Amino acid sequence: MTPLRIERLALIGLGLIGGSLSLALKSAGVVGEVVGYSRQLPTRLRAQELGLIDRAVDSVAAAVHGADVVFVATPVQAMAGVFADLAPELSPTALMTDGGSVKGAVVAAAKSALSAAQWAQFVPGHPIAGTEHSGPDAAFATLYHNQRVILTPLPENSPALVARAETMWHTAGAVVERMTVQHHDHVLAATSHLPHLAAFGMVNALARLEERYEVFRYAAGGFRDFTRIASSDPVMWRDICLANRGELLPMLDHYLAELTQLRAWIDAGDAPAIEQQFAEAKAVRDALYRPPAAR
Ligand code: NAP
């Protein structure tokens, strides 16, 4: 693996995902300067104060000017505007990549904003790491340690550029995998987007009950575990649901069918069917999360 050196990293979006990448690369000592832009001045100042960036600038273009790596980590629906703003300043040798949770919509936005040559410089990516916290204060240097990052390279990307993106993530501590854009969006709709919908829906269902105060007073660890991700950023998740609606809606229907079936068995008092359903789910989950020694 060629050692990584980034002279100037442009960070667009200074929250959990962008800030953590910057901290990881800085702590690995591979980056000269990090120049950052986000929409709001207080966010930029806070990012600088926390050391996520060395220099805050007041436009996407100013951040990208002279950068050899550009990382876009805004909510996905904001990326079209970011790509349009960065195009005039993108160095012809720079690597451009992103951390968006949906790839199809982001790739389409990049294609319409960039020239053909710039399009070949874009290596789309998605770190499968995160927390329910957001903003500059949520960032930490070890977020990506031993976590997966999915790259969805484009046919137009050069192998050297994809290798550079891979090396960057390895340097941040991640394990890199590759898949197609379409496959990414299908798999992530199931493993990430649907569980977030379930958590948001569960919290709201209980919050709308008349007896909600009592219900929440008796909510125990199970409710807390199940709904942790409902504390995630609403704008980010609004964008993900809309940007991946083509994959998410069939997945949601699939889940609703499971619940509808369960409802019917409970209504009918069908104990064997209910038990069988729960036993199957328990076996799957136990196998997924068995302690390493027992595998
Ligand atoms: P975050 O902590 O909320 O940070 C988002 C950043 O984007 C903020 O600095 C915000 O700045 C900035 N921003 C918002 N709109 C902008 C715009 N129009 N132009 C420029 N900057 C803008 O979010 P995050 O968790 O880092 O997520 C960033 C991306 O990573 C998203 O695309 C998300 O889908 C993806 N992702 C998230 C997770 C996760 O678990 N959180 C995991 C994997 C991937 P202001 O405060 O100035 O508006």
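Everything numeric in this text was worked out from a predicted model, so none of it was measured. These values consider heavy atoms only, across backbone and side chains, with no hydrogens, waters or symmetry-generated copies. Just follow the structure's listing: the first ligand is 1, and inside any ligand the first atom is 1.
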(request) Can you measure from CD1 (Ile229) to OG1 (Thr131) and round to the nearest 0.5 angstrom? (result) 12.0 Å
(request) Would you please determine whether Pro127 falls within less than 4.0 Å of ligand 1 on a heavy-atom basis? (result) yes
(message) Show me which atoms of ligand 1 lie under 4.0 Å from any heavy atom of Tyr37.
(response) 20 (C)
(message) When you compare ligand 1 with Gly18, is there at least one nitrogen or oxygen pair between them that comes in under 3.5 angstrom?
(response) no
(request) Report the nearest protein non-hydrogen atom to atom 46 (O) of ligand 1: residue, atom name, distance rounded to 0.1 Å. (result) Thr43 OG1, 2.7 Å
(request) Run the salt-bridge test on Arg46 and Glu49 with the 4.0 Å N-O cut-off and return the result as yes or no. (result) yes
(message) Among Gly130, Ala129, Ser101, Pro136, which one puts a heavy atom closest to atom 42 (C) of ligand 1?
(response) Ala129
(request) Measure Leu16 to ligand 1 on non-hydrogen atoms and call it side chain, backbone, both or neither using the 4.0 Å cut-off. (result) both
(request) Return the set of residues passing ring pair (Phe, Tyr, Trp, His ring centres under 6.0 Å) with His186 (not counting sequence neighbours), or none when no residue passes. (result) none
(message) Tell me the protein heavy atom at minimum distance from atom 47 (O) of ligand 1, and give that distance in Å.
(response) Gln40 N, 2.6 Å
(request) Would you check the N or O atoms of Asp233, main chain and side chain alike, for any that come under 3.5 Å of an N or O of ligand 1? (result) no
(request) Test side chain to side chain contact (heavy atoms under 4.5 Å, CB included) on Thr97 and Met168 and set out the steps. (result) CA-CA 11 Å; Thr97 184; Met168 181 182 81; 3.9 Å; yes
(request) Name the closest protein heavy atom to atom 28 (C) of ligand 1, giving the residue it belongs to and the distance to 0.1 Å. (result) Ala73 O, 3.2 Å
(request) May I ask whether Val235 has any heavy atom positioned less than 4.0 angstrom from an atom of ligand 1? (result) no
(request) For Asn157 and Leu154, indicate whether the former's side chain and the latter's backbone hold a donor-acceptor pair under 3.5 Å. (result) yes
(request) Output the list of atoms in ligand 1 that are nearer than 4.0 Å to some heavy atom of Val76, sorted by atom number. (result) 32 (O)
(message) Hydrophobic cluster membership, with links at side-chain heavy-atom distances under 4.5 Å among I/L/V/M/F/W/Y: are Val123 and Leu25 in one?
(response) yes
(request) Just jot down the ring pair (Phe, Tyr, Trp, His ring centres under 6.0 Å) partners of Phe216, sequence neighbours excluded, or say none. (result) Phe223
(request) Would you indicate which of Pro42, Ala78, Pro75 comes nearest to atom 13 (N) of ligand 1 when only heavy atoms are counted? (result) Pro75
(request) Considering heavy atoms of the protein only, find what lies nearest to atom 29 (C) of ligand 1 and give residue, atom and distance to 0.1 Å. (result) Thr74 O, 3.5 Å
(request) State the atoms of ligand 1, each with its element, that fall below the 4.0 Å cut-off from a heavy-atom position in Gly100. (result) 32 (O)
(message) Show the atoms of ligand 1 that are less than 4.0 angstrom away from any heavy atom in Leu14.
(response) 6 (C), 8 (C), 9 (O)
(request) Rounded to the nearest 0.5 Å, what's the gap from CG on Leu262 to CG on Asp267? Could you check? (result) 11.0 Å
(request) From the options Asp98, Asp85, Thr74, select the one residue that forms a side-chain contact (heavy atoms from CB on, under 4.5 Å) with Ile12. (result) Thr74
(request) Measure the CD-NE2 distance between Glu247 and His184 for me, rounded to the nearest 0.5 Å. (result) 11.0 Å
(request) Would you mind listing which atoms of ligand 1 come within a distance below 4.0 Å of any non-hydrogen atom of Met236? (result) 25 (O), 27 (O), 33 (C), 34 (O), 37 (C), 38 (C), 39 (C), 41 (N)
(message) Give me the nearest non-hydrogen protein atom to atom 24 (P) of ligand 1 as residue plus atom name, then the distance to 0.1 Å.
(response) Ile17 CG1, 3.8 Å
(request) Give the C-alpha distance, both sets of side-chain angles, the deciding distance and a yes or no for side chain to side chain contact (heavy atoms under 4.5 Å, CB included) between Met96 and Leu114. (result) CA-CA 11 Å; Met96 183 177 118; Leu114 303 174; 3.8 Å; yes
(message) I want to confirm something. Looking only at heavy atoms, which of Gly99, Ala63, Gly15 is nearest to atom 30 (O) of ligand 1?
(response) Gly99
(request) Could you see which bit of Ile240 sits under 4.0 Å from ligand 1, with heavy atoms only: side chain, backbone, both or neither? (result) side chain
(request) In plain terms, say whether Asp54 and Lys26 are close enough for a salt bridge, that is, a side-chain N and a carboxylate O under 4.0 Å apart. (result) yes
(message) Using a 3.5 Å cut-off on N or O atoms only, is His126 in polar contact with ligand 1?
(response) no
(request) Kindly compute the distance separating CE (Met179) from CG (Leu151), expressed to the nearest 0.5 Å. (result) 10.5 Å
(message) Ser38 versus ligand 1: do any nitrogen or oxygen atoms come within less than 3.5 Å of each other?
(response) yes
(message) Could you tell me, atom by atom, which parts of ligand 1 come under 4.0 Å of a heavy atom of Ser134?
(response) 1 (P), 2 (O), 3 (O)
(request) Would you mind checking which non-hydrogen protein atom is closest to atom 48 (O) of ligand 1, with the distance to 0.1 Å? (result) Arg39 NH2, 2.8 Å
(request) Ignoring hydrogens and angles, state whether a donor on the side chain of Gln277 or Trp265 is under 3.5 Å from an acceptor on the partner side chain. (result) no
(message) I'd like to know whether CZ of Arg148 has more than 12 heavy-atom contacts from other residues, nucleotides or ligands below 6.0 angstrom.
(response) no
(message) Which residue and atom name correspond to the protein heavy atom nearest atom 12 (C) of ligand 1, and how close is it?
(response) Gly13 CA, 3.9 Å
(request) May I ask whether Gly135 has any heavy atom positioned less than 4.0 angstrom from an atom of ligand 1? (result) yes
